A.B. asks: 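Quick one: the structure is below, and I'll ask about it shortly.
The chains referred to below are lettered A, B, ... by the order of the sequence lines, with proteins before strands, and numbering in each begins at 1. These numbers were taken from a predicted model, which means no experiment stands behind them.
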Amino acid sequence: MDLARPRGTEDVFPEAAARWRALEAVCHGLARRYGYGELRTPTFEHSEVFHRFLGDATDVVQKETYDFKDRGERELTLRPEGTAGAVRAFLQAGLQGGALPRKLCYVTLSAFRYERPQAGRLREHHQFGCEAFGSADPTTDAELIALVADLLRELGVRDFAVRLNSIGDPACRPAYLEALRDYYRPLLPGLCHDCQVRFDHNPLRLLDCKKDREAVAGAPRPADHLCADCAAHFATLRGYLDDIGIDHTIDHTLVRGFDYYTRTVFEFVSGELGAQNSILGGGRYDGLVESMGGPPVPAAGFAVGMERLLTVASTLAAPDPALDVYVASDDRREALAACQALRRAGLAADMDPLSRSLRAQMRAADRSGASVAVIRAAPERERGVAVVRPLRSPGAAQREVAWTALLADPRDQVGA
RNA sequence: GUGACUGUAGCUCAGCUGGUUAGAGCGCCAGGCUGUGGCCCUGGAGGCCGGGGGUUCGAGUCCCCUCAGUCACCCCA
């Protein structure tokens, strides 16, 4: 097989696609209930949209993006996530000058990262995400978390947990990072290589280390070093979550991968998922819009991995619309005419284009899920009729209808 | 980018220590049960044994390289 699909990508055939459509319907329904309107942005953006504003220290930008030049020598990048493009679109449309808050969502947004494929991880995956621009209020953080909790409940995901943290803002984070560095400086020689690098480039990620557990356990906690405003924001958010009945735990080591987060960060994890157990990540990014050249517009959002959602969802039984009618005939011209009459009447009809035996056609009819088979061969032709045979109701007997009536009035003749 | 395991018919897999025409189940096609699906029976088609190189009288079986899949690290959704 020399024409294989690229590594880390998937083909979705109709059986599986039905689950996707069901999932998409759930996502759209929730977004609507929470007041988020759909935003569709390009699959690729100018590279600097991601490189400059997602944070150069993030691994995703450093080594995982698909970068290319087009024939006009423009430097472009396939989007590795949805937020940067949403912010870009928000600014380009001048929405910051319009009515705020502006709440936008995206469904089945394709995202590309050059990574080694693994359970729950692809090079092209899809996200459902929501972004709320223009509100710094904790009710916005709370509603985003609630939306996801509702989503998981609706999908029948049993085993999930909400992890929450606050990592401060430009007012209090510098002091915290100093405290963190002071704590780590003497420990540094004994730590892993990654941590040594993080110490200089991205100290917050030190908390993320899975190897140097003891060091992390004794480290100063972000939530203990918040300024008054951040602390109040965090406390209010937790109160709101309690009010609306969302269980959550504070994870003092939760910092998230992208640099743009401020204050609230959250993550939903599932025990059903394997090593890549994060279903969703999100948080507040009050500085991002401004850093992308806009006015200071606070914002918050999340993104869920839809493939991961699909593996943990239990309520998405695939209700793939079965065929309504299968036309079995030894004459393709007649079969086509009957199918067209049925199709134009709004029914799902199909036939056998391969001139197989009546027996084979009946088997195909059975497999197709059609509720009725129309049979038309020599004996029927002599009498100017067709047989209408029910396939799904054991008791029902087959009957004959006039061929001309079937073509003229297919719905009634077939009993649909 | 690192590591482990795997790669034989459309699908799921057998093929012992290298040895004659590579097998099974399911699926598919044709036929039988007297034009009509599901059950049963008979027959049939279908395999550069992932690809390349090597060792050997001889390789699906051993060695090397490569590609792909799976899982883990890293990171993230």
A.B. asks: With Watson-Crick and G-U wobble geometry limited to distances under 3.5 Å, how should the secondary structure of RNA chain B be encoded in dot-bracket form, using | for bases paired to another strand and [ ] for crossing pairs?
C.D. replies: (((((((..((((.....[...)))).(((((.......))))).....(((((..]....))))))))))))....
A.B. asks: Less than 4.0 angstrom from a charged side-chain N to a carboxylate O is my criterion; do E10(A) and R5(A) meet it?
C.D. replies: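 The answer is no: the pair does not qualify as a salt bridge.
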A.B. asks: Please pick, from rC76(B), rC71(B), rU36(B), the nucleotide with the shortest atom-to-atom distance to any side-chain atom of R113(A).
C.D. replies: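 Among rC76(B), rC71(B), rU36(B), the one nearest the side chain of R113(A) is rC76(B).
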A.B. asks: Taking the P atom of each, how far is rA45(B) from rC57(B), in whole Å?
C.D. replies: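 The same atom, P, in both gives a distance of 37 Å.
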A.B. asks: Can you find a donor-acceptor N/O pair under 3.5 angstrom joining the side chain of R359(A) to the base of rA30(B)?
C.D. replies: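 Answer no: no donor N or O sits under 3.5 Å from an acceptor.
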A.B. asks: Indicate yes or no: does R181(A) engage D200(A) in a salt bridge with an N to O separation below 4.0 Å.
C.D. replies: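 Not counted as a salt bridge, because no side-chain N and carboxylate O are separated by less than 4.0 Å.
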A.B. asks: With no hydrogens and no angle check, do the side chains of T139(A) and D137(A) hold a donor and an acceptor under 3.5 Å apart?
C.D. replies: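 Per modelled atom types, T139(A) and D137(A) side chains form a pair under 3.5 Å.
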A.B. asks: Among residues 399-409 of chain A, which residues get a heavy atom nearer than 4.0 Å to RNA chain B?
C.D. replies: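 RNA chain B contact set from residues 399-409 of chain A: none.
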A.B. asks: Mark yes or no: R32(A) above the aromatic ring of Y36(A), with NZ or CZ under 6.0 Å from the six-membered ring centre and no more than 45 degrees from the axis.
C.D. replies: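 No, a cation-pi geometry is absent between R32(A) and Y36(A).
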A.B. asks: What contact category does I279(A) fall into here, base, sugar-phosphate, or nothing, at under 4.0 angstrom with non-hydrogen atoms?
C.D. replies: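 The answer is sugar-phosphate, as I279(A) gets under 4.0 Å only of primed atoms, P, OP1 or OP2.
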A.B. asks: Check the distance between rA77(B)'s P and F266(A)'s CZ and give it to me in whole angstrom.
C.D. replies: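 The answer, rounded to whole Å, is 11 Å.
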A.B. asks: Would you mind classifying the nucleic acid contact of L309(A) as base, sugar-phosphate or nothing, using non-hydrogen atoms under 4.0 angstrom?
C.D. replies: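 No contact.
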A.B. asks: Nucleotides 1-4 of chain B: which of its N/O atoms have a protein N/O under 3.5 Å away?
C.D. replies:
| from | atom 1 | to | atom 2 | distance (Å) |
| --- | --- | --- | --- | --- |
| rU2(B) | O4 | R116(A) | NH1 | 2.5 |
| rG3(B) | O6 | R116(A) | NH2 | 3.4 |

A.B. asks: Between the base of rG35(B) and the side chain of E380(A), is there any donor-acceptor pair under 3.5 Å?
C.D. replies: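 Such a pair is found, so the answer is yes.
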A.B. asks: Among rA30(B), rG35(B), rU36(B), find the nucleotide with the atom closest to the side chain of Q398(A).
C.D. replies: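 Out of rA30(B), rG35(B), rU36(B), the nucleotide with an atom closest to Q398(A)'s side chain is rU36(B).
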A.B. asks: Pick the C1' atom in rC74(B) and in rU2(B), then give their distance to the nearest Å.
C.D. replies: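 That atom pair is separated by 9 Å.
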A.B. asks: L144(A) CG to rA77(B) C1': how many Å, rounded?
C.D. replies: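 Atom CG in L144(A) sits about 16 Å away from atom C1' in rA77(B).
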A.B. asks: Would you mind checking if R7(A) and E115(A) are paired as a salt bridge, meaning a charged N to carboxylate O distance below 4.0 Å?
C.D. replies: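 Not counted as a salt bridge, because no side-chain N and carboxylate O are separated by less than 4.0 Å.
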A.B. asks: Tell me what A377(A) touches on the nucleic acid: a base, only sugar-phosphate, or nothing, going by heavy atoms under 4.0 Å.
C.D. replies: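 Base, at least one base atom sits under 4.0 Å.
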A.B. asks: Please state the P separation for the pair rU36(B) and rG31(B) - nearest whole angstrom.
C.D. replies: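 One P to the other, the span is 10 Å.
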A.B. asks: With a 4.0 Å cut-off, would you call K103(A) and E143(A) a salt bridge?
C.D. replies: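 Result for this pair is yes, salt bridge flagged.
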A.B. asks: When the C1' atoms of rG38(B) and rU21(B) are compared, how many Å lie between them, rounded to an integer?
C.D. replies: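 Taking atom C1' in both rU21(B) and rG38(B), they lie 38 Å apart.
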A.B. asks: Just call it for I375(A): base, sugar-phosphate, or nothing, with non-hydrogen atoms closer than 4.0 Å on any strand.
C.D. replies: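 It contacts base atoms.
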A.B. asks: Does the ring center of F90(A) lie less than 6.0 Å from the ring center of F133(A)?
C.D. replies: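 Centroid distance F90(A)-F133(A): below 6.0 Å, so yes.
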A.B. asks: Name the residue from T262(A), D141(A), T140(A) that meets the side-chain hydrogen bond (donor to acceptor under 3.5 Å, both in side chains) definition with R284(A).
C.D. replies: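 Filter result, single survivor: D141(A).
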A.B. asks: What class does the angle between the rings of Y114(A) and Y66(A) fall in, given that below 30° is parallel, 30 to 60° is tilted and above 60° is perpendicular?
C.D. replies: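 Rings of Y114(A) and Y66(A): perpendicular, over 60°.
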A.B. asks: What distance, rounded to whole Å, do you find between the two P atoms, one in rU17(B) and one in rC62(B)?
C.D. replies: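 8 Å, rounded to whole Å.
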A.B. asks: Can you tell me whether the side chain of R389(A) and the base of rG37(B) have a donor-acceptor pair closer than 3.5 Å?
C.D. replies: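 Looking at the base of rG37(B), it does pair with a donor or acceptor on the side chain of R389(A) (distance under 3.5 Å).
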A.B. asks: Can you check the distance between rA14(B) and rA4(B), where both ends of the measurement are the P atom (answer in whole Å)?
C.D. replies: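 So the two P atoms sit 22 Å from each other.
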A.B. asks: For A360(A), report the nucleic acid contact type (base, sugar-phosphate, nothing); a contact means any heavy atom under 4.0 Å.
C.D. replies: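 Contact class for A360(A): sugar-phosphate only.
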A.B. asks: Looking for any heavy atom pair under 4.0 Å, which part of the strands does G8(A) touch: base, sugar-phosphate only, or nothing?
C.D. replies: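 Sugar-phosphate only.
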A.B. asks: Got M306(A) and T108(A) here, is their nearest side-chain heavy-atom distance under 4.5 Å?
C.D. replies: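 In short, these two side chains touch, coming nearer than 4.5 Å.
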A.B. asks: Measure from CZ on R356(A) to P on rC29(B) and round the result to the nearest Å.
C.D. replies: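 Roughly 5 Å, once rounded to whole Å.
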A.B. asks: Under 4.0 Å: is that the gap between some side-chain N or O of S357(A) and OP1 or OP2 of rG31(B)?
C.D. replies: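 Looking at the OP1 and OP2 atoms of rG31(B), one of them is under 4.0 Å from a side-chain N or O of S357(A).
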A.B. asks: Between the side chain of R308(A) and the main-chain N/O of G120(A), is any donor-acceptor distance below 3.5 Å?
C.D. replies: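 Pair found, side chain donor or acceptor close to backbone of G120(A).
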A.B. asks: Whole-Å distance between rC28(B) C1' and L354(A) CG?
C.D. replies: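 Taking atom C1' of rC28(B) as the reference, CG of L354(A) is at 12 Å.
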A.B. asks: With rounding to the closest Å, how many angstrom separate the C1' atoms on rU56(B) and rC13(B)?
C.D. replies: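 Comparing C1' positions in rU56(B) and rC13(B) gives a spacing of 30 Å.
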A.B. asks: Rounded to whole Å, how long is the line connecting atom CZ of R363(A) with atom P of rU36(B)?
C.D. replies: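 Rounding to the nearest Å, CZ of R363(A) and P of rU36(B) are 13 Å apart.
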A.B. asks: Answer yes or no: is there an ion pair linking D366(A) with R392(A), defined by an N-O contact shorter than 4.0 Å?
C.D. replies: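 Counted as a salt bridge, because a side-chain N and a carboxylate O are separated by less than 4.0 Å.
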A.B. asks: Whole angstroms only, please: what is the CG-C1' distance between L204(A) and rC76(B)?
C.D. replies: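 Taking atom C1' of rC76(B) as the reference, CG of L204(A) is at 16 Å.
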A.B. asks: Just to confirm, is there a sub-4.0 Å distance from OP1 or OP2 of rA72(B) to any side-chain nitrogen or oxygen of Q118(A)?
C.D. replies: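 For Q118(A), the contact criterion (side-chain N or O under 4.0 Å from OP1 or OP2 of rA72(B)) is met.
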A.B. asks: How long is the span from the NE2 atom in H126(A) to the CD atom in E24(A), to the nearest 0.5 Å?
C.D. replies: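 Rounded to the nearest 0.5 Å, the NE2-CD separation comes out at 9.0 Å.
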A.B. asks: In whole Å, I'd like the distance from the CZ atom of R7(A) to the C1' atom of rC71(B).
C.D. replies: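 Spelled out: CZ on R7(A) to C1' on rC71(B) is 12 Å.
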A.B. asks: Return the 5'-most residue of the pair P117(A), P390(A) with respect to RNA chain B, ranking by each residue's nearest nucleotide.
C.D. replies: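 Closer to the 5' end of RNA chain B: P390(A).
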A.B. asks: Give me the distance, rounded to whole Å, that separates rU55(B) from rA9(B) when you measure between the P atoms they each carry.
C.D. replies: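 So the two P atoms sit 28 Å from each other.
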A.B. asks: Would you classify G129(A) as touching base, sugar-phosphate or nothing, given that sugar-phosphate means primed atoms plus P, OP1 and OP2, and contacts are heavy atoms under 4.0 Å?
C.D. replies: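 Nothing: the residue G129(A), judged by heavy atoms under 4.0 Å, touches no strand.
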A.B. asks: Provide, to the nearest angstrom, the distance between the CE atom belonging to M362(A) and the P atom belonging to rA30(B).
C.D. replies: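 Interatomic distance, CE of M362(A) to P of rA30(B): 14 Å.
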A.B. asks: Would you call L147(A) and F302(A) a side-chain contact if the rule is heavy atoms closer than 4.5 Å?
C.D. replies: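 In short, these two side chains touch, coming nearer than 4.5 Å.
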